[in-house]
2 protein chains.
Amino acid sequence: MPETSRSVADPPQLTAEHRELLDEVLDKWSLQVLDTLCERTSRFNELRRAIPAVTQKSLTATLRRLERNGMVERVIVRTRPIAVEYRITPLGTTLQELIDALLRWTTANMPRVQRARAHFDEET
Amino acid sequence: MPETSRSVADPPQLTAEHRELLDEVLDKWSLQVLDTLCERTSRFNELRRAIPAVTQKSLTATLRRLERNGMVERVIVRTRPIAVEYRITPLGTTLQELIDALLRWTTANMPRVQRARAHFDEET
DNA sequence: CAGGATCCTGGAGGATACTG
DNA sequence: CAGTATCCTCCAGGATCCTG
């Protein structure tokens, strides 16, 4: 069948829906939150301490977003005062593997990038 | 040496530098620009037509950013009027492979994500 | 054709104060 | 402790007009 075939692994189409999911899940704070939760389940204020630069508002928003998309699970512990634990889900773990691939790529190619930048910046 | 060892593939550290590179290179329009240029070298207005939603300003900014980071190459063709070709670099190709991995992940997991969202949204 | 220059606006996200 | 509720700022990015 002479379909206009692409390469071997047939890269999927980038729709607005996929773009939006990536935005929600790869956003500024999500990477650090997921990274922290991969090491161990944490409570709200533990996360704040693990990620000092995040504000309470942004952390809440990030956790809600990740929870809504099924990346983390929110577990309420009925003590007094209340405690809330955040743990990564299996789906979140698959995402973390992807993020690690991103970080390995940046690490491996940062020198080339910096040379490209230096070259670009010194022109004119 | 009893360093605090991590897992097998030792996931690299997320520094501000790496975060910033990912932001510059995985941004809203970059994915579509890279995707288009992977299929074939294109000129400015070809890109505009390939990505109808992008404004001229945003496309220019995206191309400059990608060029600065060594992902695309800008080739000036001295005709009248002038023509400019944008082609993907080897480094850009490695990035595209990564993006394809992202898209494969979203494609594979979109059903789970949508179930998670439905579940989350119907709770009160 | 391939941009540069301006003006403008929405909405992300910080700071701060309060609460079940 | 784990959030909500407001207010406010800032700037990415769209719309528009102009040019080598």
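Note on naming: letters A, B, ... go to the chains in the order of the sequence lines (proteins, then strands), and numbering restarts at 1 for each one.
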So where does chain B start and stop touching DNA chain C, 5' to 3', when the test is distance under 4.0 Å to a non-hydrogen atom?
C:dC1 to C:dC7
Mind checking what makes side chain to side chain donor-acceptor pair (under 3.5 Å) contact with B:S58, not counting sequence neighbours?
B:T55
In the structure I gave you, are the side-chain heavy atoms of A:W29 and A:L63 within less than 4.5 Å of one another anywhere?
no
Sorted by chain and number, sequence neighbours left out, side chain to side chain donor-acceptor pair (under 3.5 Å) with A:T106 holds for B:H18
Only pairs under 3.5 Å count here: list side-chain donor-acceptor contacts from residues 43-51 of chain B, not counting sequence neighbours, and write none if there are none.
from: B:E46; atom 1: OE1; to: B:R43; atom 2: N; distance (Å): 2.7

With sequence neighbours excluded, tell me which residues meet side chain to side chain donor-acceptor pair (under 3.5 Å) with A:E17.
B:Q114
What distance do A:L37 atom CG and A:R40 atom CZ have between them, rounded to the nearest 0.5 Å?
10.0 Å
Within the 4.5 Å heavy-atom criterion, are B:D35 and B:L31 side-chain neighbours or not?
no
Is there a side-chain contact between A:I99 and B:L14, using heavy atoms and a 4.5 Å cut-off?
no
When rounded to whole Å, the CD to C1' distance for the pair A:E85 and D:dA2 reads 13 Å
Specify the angle, to 10°, made by the local axes at the two ends of the helix from C:dC1-D:dG20 to C:dG20-D:dC1 when five pairs are taken at each end.
60°
Atom-pair distance (CZ on A:R19; P on D:dG13), nearest Å:
10 Å
Which residues within residues 41-53 of chain A lie with some heavy atom under 4.0 Å of an atom in DNA chain D?
A:R43, A:F44, A:N45
By side chain to side chain donor-acceptor pair (under 3.5 Å) - contacts of A:T41 (at least two apart)
none
Do B:V25 and B:L34 have side-chain heavy atoms sitting under 4.5 Å apart?
no
Quick one, which residues of residues 57-76 of chain A touch DNA chain D with a heavy atom under 4.0 Å?
A:K57, A:T60, A:R64, A:R74
From CD of A:Q56 across to P of D:dA2 the rounded distance in Å is 12 Å
Could you pull out all residues at least two apart from B:R112 that satisfy side chain to side chain contact (heavy atoms under 4.5 Å, CB included)?
A:P90, A:L91, B:N109, B:R115
So side-chain hydrogen bond (donor to acceptor under 3.5 Å, both in side chains) across residues 65-77 of chain B, not counting sequence neighbours, yields A:R117-B:N69, A:D121-B:R68, B:E24-B:N69, B:D27-B:R65, B:R74-B:Y86
Nearest-nucleotide 5' precedence on DNA chain C, A:P81 against A:D27:
A:D27
Pairs flagged by salt bridge (charged side-chain N to carboxylate O under 4.0 Å, His left out) wherever residues 82-94 of chain B is involved - sequence neighbours left out:
B:E85-B:R87
